[in-house]
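As structure tokens, the structure follows; a few thoughts come after it.
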Amino acid sequence: MKNIIYILIASCCFSACEMEKYPLDAISPNTFFNTGNDLRLYTNSFYKTLPNAEGVYNEAVDNIIKMDLADELRGTRIVPTSGGNWVWEDLRNINFYLENSVKCSDEKSRLRYDAIAYFFRAFFYFDKVKRFGDVPWYDKVINDQDTEALEKARSPRTEIMEHILEDINKAIEHLPTEKTVNELSKWTALALKARICLHEGTFRKYHTEFNLPDADKFLKEAVNASEELISQSGYKIYSTGNPDKDYLNFFASHEAIPAEVILARGYSDEFQVYHNLNYYTMTASYGRPGLEKRLVNSYLMRDGKRFTDIPGHETMFFTDETKNRDPRLSQTIRTPGYTRIDETETLVQEFGSTVTGYQLIKFVTERKWDTNQKDINDMPIFRFAEALLIYAEAKAELGILTQNDLDISIKPIRDRVGMPNIDLTKANSNPDPYLEKQYPHVSGSNKGVILEIRRERRIELVMESFRWDDMMRWKEGATFTEQFKGMYFPSIGSFDLDGDGNIDIHIYKDSKPSLDGKSIQYLKLNSDITLENGESGSILVNPHLKKVSDENKDYLYPIPIQERLLNTNLTQNPGWNDGL
């Protein structure tokens with residue numbers, strides 16, 4: 001049976017209350033925190049702060065696009081009156097524990113469970129720094145009489161990041177080395193440290209407007225953390241030797257595969273803890289998600305050559321554009337020959353479920369789990385592939401990447417799907433012009449390989465909610481303003497989407513025709529579908545919605561008005577006018 005700590009949290013979880021109250025209504029620090037079991041029960045409550053399944057798969061921006069656009073893409077964000085993720089209860093819960101765990105005389109247990117608290121405090125503050133930049137640092141519980149703390153100004157980002165490093169290093173030192181997919185270990189802490197340091201190092205490198213020092217210091221920390229994880233943990237890329245199924249089956253596995261998954265959130269039919277992935281990908285209820293055209297174009301050919309170097313790739317029909325591509329494409333979206341797991345009937349994409357025509361299948365499990373809120377596969381939060389990608393990217397950004405580094409990082413990821421490795425010399429001697437347009441800030445002698453690592457990261461981690469943070473740290477928000485597109489159609493009329501000789505879709509202009517065929521999907525032009533050139537071209541998604549990127553403010557979120565009224569020492573982020 002699964003070791004599903006998240007499922008069991010409900011029976012022992014303690015929710016944080018208001019800032020001036022104890023975080024645990026039923027617990028007094030005078031009677032608790034005496035044994036290792038007390039500490040274990042309390043620290044179990046911290047796991048609820050990790051992303052749930054929707055927080056993993058419900059990705060948007062320019063990887064997976066939907067019928068509507070987020071405020072971040074439309075430039076319609078405003079300074080909120082309250083909320084806006086300026087929430088501190090989880091931090092108080094952690095600090096309350098750390099102030100009281102010293103009462104436990106079992107030092108071995110205390111060090112272990114304190115390490116969990118330090119991990120989650122680093123996790124908490126990393127999220128706050130990504131969102132707001134400078135934030136107040138609190139390492140103790142604040143009561144309602146502590147005016148100095150309650151009216152504290154924002155601490156500099158540089159100071160917060162040093163505290164984060166201190167906390168995560170404590171977690172690394174004292175967490176156990178045994179690997180359990182639903183509980184923290186030393187390896188989880190190293191994975192978080194690598195993620196934090198890559199983000200901060202690249203943010204400081206590309207966001208020169210903030211004048212943040214020591215970008216290389218954080219990139220080196222990212223290298224060191226990922227290198228230790230790679231060399232000492234024993235994790236590997238999951239593979240059974242089937243390049244056309246392994247990537248798909250890895251994410252559809254009901255139980256997280258411990259060879260590669262470092263930490264997952266558990267789900268279970270037995271405990272009736274479910275998520276909504278299957279239903280999300282196969283109904284119109286959740287915005288009809290689909291891959292965006294530029295991402296589809298970014299998948300290489302199976303021999304490693306660039307699809308976008310092929311003359312006429314822009315006007316290839318679906319059956320041609322999906323031939324001989326990186327096998328992860330056909331394991332991420334429905335392509336010709338697709339069947340559900342444990343079934344033999346071939347299926348084409350359903351345009352009622354995908355706004356681009358590129359219908360998602362990553363994480364999709366068997367048909368029996370298609371009911372709303374009834375899916376059970378575990379959701380990876382940290383996995384080994386990310387650590388490999390971090391190692392390669394950090395070394396490339398530092399200018400110290402070698403072919404051997406690529407052989408131990410990118411190659412295992414590509415080996416799973418039978419793709420050739422990145423060739424360092426070739427990549428740098430001939431940077432991909434298609435990627436150059438998406439990432440105009442990349443320059444230098446390692447430009448070509450940085451672009452290729454970004455390609456690899458985007459493809460390998462799609463639908464795992466990394467894209468927004470990646471584009472923010474790379475300072476590439478302007479890329480989001482380009483028109484989102486989907487599948488190409490040479491005309492209106494009838495189309496065979498899988499090459500079996502039967503009509504699957506008919507695009508009509510005026511009156512709906514009646515054609516022979518049981519499962520033909522009818523789409524009315526400029527109602528159900530809009531094409532780029534009127535009656536031909538790529539699908540246009542949300543063409544009526546203007547996208548805006550403001551380079552002067554959009555890389556940080558605003559501080560809520562109410563918080564600035566309560567604490568007049570809080571400054572607002574650049575470019576956000578709240579009238580105060």
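For the single chain, residues carry numbers from 1 onward in sequence order.
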Any donor-acceptor pair under 3.5 Å linking the side chain of Thr35 with the backbone of Asp38? yes

Look at the rings of Tyr42 and Phe46 and say which category their plane angle falls in: under 30° parallel, 30 to 60° tilted, over 60° perpendicular. perpendicular

Under 3.5 Å, is there a donor-acceptor pair between the side chain of Lys152 and the main chain of Trp137? yes

Can we call the ring centroids of His174 and Tyr118 under 6.0 Å apart? no

On a heavy-atom basis, which atom in Asp554 and which in Asp550 lie closest, and how many Å separate them? OD2-N, 2.7 Å

Side chains of Leu263 and Val181: closer than 4.5 Å at any heavy-atom pair? no

Kindly indicate, with the supporting measurements, whether the criterion ring-ring contact (aromatic ring centres under 6.0 Å, His included) is fulfilled by Phe251 and Tyr247. CA-CA 7 Å; Phe251 294 102; Tyr247 184 81; 4.9 Å; yes

Parallel, tilted or perpendicular, judged at 30° and 60°: which one describes the rings of Tyr274 and Trp369? tilted

Should the heavy atoms of other residues, nucleotides or ligands under 6.0 Å from CD1 of Ile78 be counted, would the total exceed 12? no

Is the backbone N or O of Asp370 less than 3.5 Å from a side-chain atom of Asp375, with the two atoms forming a donor-acceptor pair by type? no

Would you call the rings of Trp86 and Trp88 parallel, tilted or perpendicular if under 30° counts as parallel and over 60° as perpendicular? perpendicular

Between Trp187 and Phe384, ring centroids under 6.0 Å: no

Do any N or O atoms from the side chain of Asn573 and from the backbone of Ile559 form a donor-acceptor pair under 3.5 angstrom? no

So, Glu393 and Arg473, do they make that salt bridge, N to O below 4.0 Å? yes

Nearest heavy-atom contact between Ala115 and Ala171 is O-CB, 3.4 Å

Aromatic contact between His163 and Tyr125, with the criterion being ring centroids under 6.0 Å apart: yes or no? no

Mark yes or no for whether Thr180, through its side chain, and Glu183, through its backbone, hold a donor-acceptor pair below 3.5 Å. no

Determine the interplanar angle of the Tyr280 and Tyr57 rings, folded into 0 to 90°, and report it as parallel if under 30°, tilted if 30 to 60°, perpendicular if over 60°. tilted

How far apart are the C-alpha atoms of Tyr555 and Phe203, what are their side-chain angles, what is the distance that settles it, and do they pass the ring-ring contact (aromatic ring centres under 6.0 Å, His included) test? CA-CA 10 Å; Tyr555 292 103; Phe203 188 94; 7.6 Å; no

Just checking Lys475: does its NZ atom have more than 12 heavy atoms from other residues, nucleotides or ligands closer to it than 6.0 angstrom? yes

With side chain to side chain contact (heavy atoms under 4.5 Å, CB included) as the criterion, how do Tyr391 and Val223 come out once you've worked through the C-alpha distance, each side chain's angles and the decisive distance to 0.1 Å? CA-CA 5 Å; Tyr391 177 79; Val223 169; 4.1 Å; yes

Grab the two heavy atoms, one from Asp405 and one from Ile400, that are nearest each other, plus how far apart they are. OD2-O, 3.6 Å

Of Arg157, Lys217, Arg195, which meets salt bridge (charged side-chain N to carboxylate O under 4.0 Å, His left out) against Glu200? Arg157

Contact check, side chains of Ile453 and Leu401, non-hydrogen atoms, under 4.5 Å: yes

NZ of Lys220 to CG of Asp214, rounded to nearest 0.5 Å, is 10.0 Å

Begin with the C-alpha distance, continue with both residues' side-chain angles, and end with the deciding distance and a verdict on side chain to side chain contact (heavy atoms under 4.5 Å, CB included) for Glu59 and Leu360. CA-CA 12 Å; Glu59 181 178 16; Leu360 301 168; over 6 Å; no

Relative to Phe466, does Arg457 satisfy both conditions: NZ or CZ under 6.0 angstrom from the six-membered ring centre, and within 45 degrees of the ring's axis? yes

Using only heavy-atom distances, determine whether the side chains of Asp90 and Thr49 contain a donor-acceptor pair under 3.5 Å. no

Under a 3.5 Å distance rule, please check whether Lys362 uses its side chain to pair with a backbone N or O of Glu464 as donor and acceptor. no

Whether Asp62 and Arg467 form a salt bridge (side-chain N of Lys/Arg under 4.0 Å from carboxylate O of Asp/Glu) is what I want to check. yes

Donor + acceptor pair across side chains of Asn577, Lys553 (<3.5 Å): no

Closest non-hydrogen atoms of Tyr47 and Arg265, given as atom of the first, atom of the second and distance, are O-NH2, 3.5 Å

Looking only at atom types and distance, does a side-chain atom of Ser226 sit under 3.5 Å from a main-chain N or O of Ile390, one as donor and one as acceptor? no

I'd like to know if the side chain of Glu99 and the backbone of Val141 have a donor-acceptor N/O pair within less than 3.5 Å. yes

For residues His275 and Ala53, report the shortest heavy-atom separation together with the two atoms involved. CB-CB, 3.4 Å

How far does CH2 of Trp474 sit from NE2 of His207, to the nearest 0.5 angstrom? 11.5 Å

Where do Asn278 and Thr365 land on the side chain to side chain donor-acceptor pair (under 3.5 Å) test, with the steps shown first? CA-CA 7 Å; Asn278 280 18; Thr365 53; 3.1 Å; yes

Step-by-step side chain to side chain donor-acceptor pair (under 3.5 Å) determination, Glu476 to His441: CA-CA 7 Å; Glu476 300 293 4; His441 289 94; 3.1 Å; yes

Lys/Arg-Asp/Glu bridge criterion (N-O < 4.0 Å) met for Arg454, Asp470: no

Heavy-atom neighbours of Glu107 CD exceed 12 at 6.0 Å: no

Determine, stepwise, if the pair Asn95 / Arg92 fulfils side chain to side chain donor-acceptor pair (under 3.5 Å). CA-CA 5 Å; Asn95 285 339; Arg92 190 174 195 280; over 6 Å; no

Is it the case that the side chain of Lys128 and the backbone of Asn85 share a donor-acceptor pair, with hydrogens and angles ignored and the cut-off at 3.5 Å? yes

Using 4.0 Å as the upper bound for N to carboxylate O, is an ion pair formed by Lys170 and Glu166? no

Would you check, one step at a time, whether the test side chain to side chain donor-acceptor pair (under 3.5 Å) holds for Asp246 with Tyr238? CA-CA 8 Å; Asp246 281 344; Tyr238 165 80; 4.6 Å; no

Please check if the number of heavy atoms outside Gln373 that lie under 6.0 Å from its CD is greater than 12. yes

Any side-chain to backbone donor/acceptor pair from Tyr235 onto Lys179? Under 3.5 Å, distance only. no

Heavy-atom closest pair, residues Phe218 and Cys197: O-CB, 3.2 Å

Taking NZ, NE, NH1 and NH2 as the nitrogens, is one of them in Glu460 or Arg416 under 4.0 Å from a carboxylate oxygen of the other? yes

The reported gap from NZ in Lys193 to CD1 in Ile172 (rounded to nearest 0.5 angstrom) is 5.0 Å

